[in-house]
Structure formats: C-alpha cells, structure tokens
Amino acid sequence: RKRFRAVTLNENAWLQGAPVAIRSKLREMRSLHYELKKLSFEWVLGVYYYYALRPDNEYSDLKRLQMLREQANEVIAQHNAAALMTIVNYMSNLLIDQSTDTDTEIQIPGTGIS
C-alpha cells in the first residue's frame with residue numbers, strides 16, 4: 001500500500017510530464033501489480049499451467065522438464081505459491097527462444113509484465 005501511495009502521490013504532476021516519465025511510472029505500476037498478483041496461489045497456478053501445457057518440443061531439456069513437472073505436482077498439493085513460481089521460472093528458462101524481434105520490450109510470457 002505504501003508503494004502504491006508513493007507512486008500515485010503526484011499523479012497530476014507526472015501526467016503533465018514527459019512521456020518518458022509516464023512510461024517509467026507505468027512500468028512501476030505493472031511491477032507493483034505483479035508483486036500483488038504473485039501472492040495469489042491461483043494466479044501462480046494459472047501461470048504454471050501456461051508452461052506445463054506447452055508442447056514438449058518447445059523446451060530444450062525434456063528430462064529436466066519432466067522433473068520440474070513432478071516437483072510442481074508436490075508443490076501444488078502443498079499450495080506453496082513461492083515454490084511453484086520458482087518452478088515456473090525454471091520452466092521459462094528451458095523454453096527454446098523463438099523470438100526474432102529485438103526492438104520491442106521483453107515480456108515474461110504468461111505474466112503480462114515486461
């Protein structure tokens with residue numbers, strides 16, 4: 001709440017400011033939104049399923065992927081959002097990079113943040 005208040009404190013002043021400042025504030029708000037959402041087990045579970053249901057041929061190490069899926073099943077039973085998010089991060093790192101556009105902002109798939 002403190003971060004949210006600090007971000008919106010001078011709302012009118014930064015709305016009148018340069019586009020760079022506005023983009024900076026928007027990034028900060030997206031980050032804050034992500035920080036709040038990642039506390040929700042249901043949201044993290046949805047992100048996990050985004051990665052878990054992708055075809056195996058999109059991953060570079062199938063043995064490691066299978067191990068992560070097994071660990072995720074145990075973590076899901078425990079409702080541990082932080083541990084499940086760690087597994088999601090590992091799964092994300094195993095994805096084979098298929099992007100060719102280098103001029104756009106990098107967005108973390110499945111999260112809606114960049």
How long is the gap from CD on Gln71 to CG on Leu84, to the nearest 0.5 Å? 11.0 Å
Roughly how far, to the nearest 0.5 Å, is the CG atom of Leu62 from the CZ atom of Arg69? 8.5 Å
Look up atom OH in Tyr48 and atom CH2 in Trp43, then write down how far apart they are to the nearest 0.5 Å. 15.5 Å
What is the distance from atom OG1 of Thr86 to atom CG of Leu68, rounded to the nearest 0.5 Å? 10.5 Å
Which heavy-atom pair separates Ile87 from Val75 by the least distance, and what is that distance? CD1-CG2, 3.9 Å
Side-chain donor or acceptor of Ser60 paired with backbone N/O of Leu94 under 3.5 Å: yes
Show the numbers, then the answer: is there a side chain to side chain contact (heavy atoms under 4.5 Å, CB included) between Asp56 and Gln66? CA-CA 9 Å; Asp56 288 349; Gln66 184 60 33; over 6 Å; no
So, taking the atom named CD in Glu58 and the one named CD1 in Ile96, what distance separates them when rounded to the nearest 0.5 Å? 8.0 Å
Heavy atoms of Met85 and Val44 approach each other most closely as N-CG1, 3.7 Å
Note: Ala52 and Tyr59 closest approach over all heavy atoms is N-OH, 4.4 Å
Would a single hydrophobic cluster contain both Ile76 and Met67, if residues Ile, Leu, Val, Met, Phe, Trp and Tyr are joined by side-chain heavy-atom contacts under 4.5 Å? no
Tell me whether Arg64 forms a cation-pi arrangement with Tyr90, defined as NZ or CZ under 6.0 Å from the six-membered ring centre and within 45 degrees of its axis. yes
Distance col, row Leu65:CG vs Arg54:CZ, nearest 0.5 angstrom, shows 11.0 Å
